[in-house]
Amino acid sequence: MKRLIVLPALCLAGSVALAQAPGPGALERYAADGQKALAERRWADAARAYEKLRELSPETGEVHAQLGMIYFQQHDFPRAVRPCARR
């Protein structure tokens with residue numbers, strides 16, 4: 001009986017994880033949104049886009065550098081230093 005309950009639960013958990021995986025163009029879409037927001041000096045929108053990029057691609061240094069610059073523009077200096085200090 002326990003196996004019958006565990007199997008559907010595992011299938012459901014797997015389908016939820018797959019549903020949350022980024023689509024093939026997600027990185028490009030967030031990067032374009034972030035660049036457009038930067039060009040228009042919409043710092044909060046740029047921060048949201050780059051924060052999402054950081055979640056999707058945490059190893060990309062440019063994302064951390066852009067976030068540091070965005071936070072600096074927002075005068076959020078403690079947050080501006082953290083992305084730039086990553087190694």
Side-chain angles (χ1 to χ4, degrees):
M1 181 71 171
K2 287 184 180 181
R3 287 185 186 170
L4 293 177
I5 294 171
V6 172
L7 183 58
L10 288 175
C11 291
L12 180 61
S15 65
V16 169
L18 287 175
Q20 293 176 351
L27 290 172
E28 291 83 6
R29 186 180 75 245
Y30 285 114
D33 290 349
Q35 286 296 320
K36 185 172 192 292
L38 283 175
E40 296 171 359
R41 297 176 156 241
R42 292 182 290 114
W43 309 122
D45 293 336
R48 277 190 291 279
Y50 277 95
E51 286 163 356
K52 189 63 178 175
L53 280 170
R54 180 180 56 195
E55 288 175 26
L56 297 174
S57 184
E59 72 283 351
T60 305
E62 181 181 347
V63 171
H64 296 281
Q66 290 286 30
L67 272 171
M69 191 274 304
I70 292 164
Y71 295 146
F72 182 84
Q73 291 295 328
Q74 292 176 316
H75 303 277
D76 189 350
F77 303 118
R79 283 178 69 191
V81 173
R82 275 185 246 137
C84 296
R86 274 190 57 125
R87 293 181 186 174

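FYI, the numbering just counts along the sequence from 1.
Distance check, rounded to the nearest 0.5 Å: CE of M69 to OH of Y71 gives 11.5 Å.
Scored by the salt bridge (charged side-chain N to carboxylate O under 4.0 Å, His left out) test, D76 finds R79 as partners (sequence neighbours excluded). Legend: residues meeting side chain to side chain contact (heavy atoms under 4.5 Å, CB included) with A44, ordered by chain and number and at least two apart, are R48, Q74. In this structure S57 satisfies the side chain to side chain donor-acceptor pair (under 3.5 Å) test together with E59, T60, sequence neighbours excluded.
Without hydrogens or angle criteria, H64 side chain to R54 main chain gives no donor-acceptor distance under 3.5 Å.
F72 and W43 sit in two unconnected hydrophobic clusters of ILVMFWY residues. Membership requires side-chain heavy atoms under 4.5 Å apart, directly or through other members.
Residue-environment remark: CD (E62) stays at or below the threshold of 12 foreign heavy atoms within 6.0 Å.
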Identify every side-chain donor-acceptor pair in residues 27-36 under 3.5 Å, counting partners at least two apart or on other chains, and give the distances.
unit_1	atom_1	unit_2	atom_2	d
Q35	NE2	Y50	OH	2.5
K36	NZ	E40	OE2	2.9

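Taking the side chain as every heavy atom from C-beta outward, Q66 and L53 never approach each other to under 4.5 Å.
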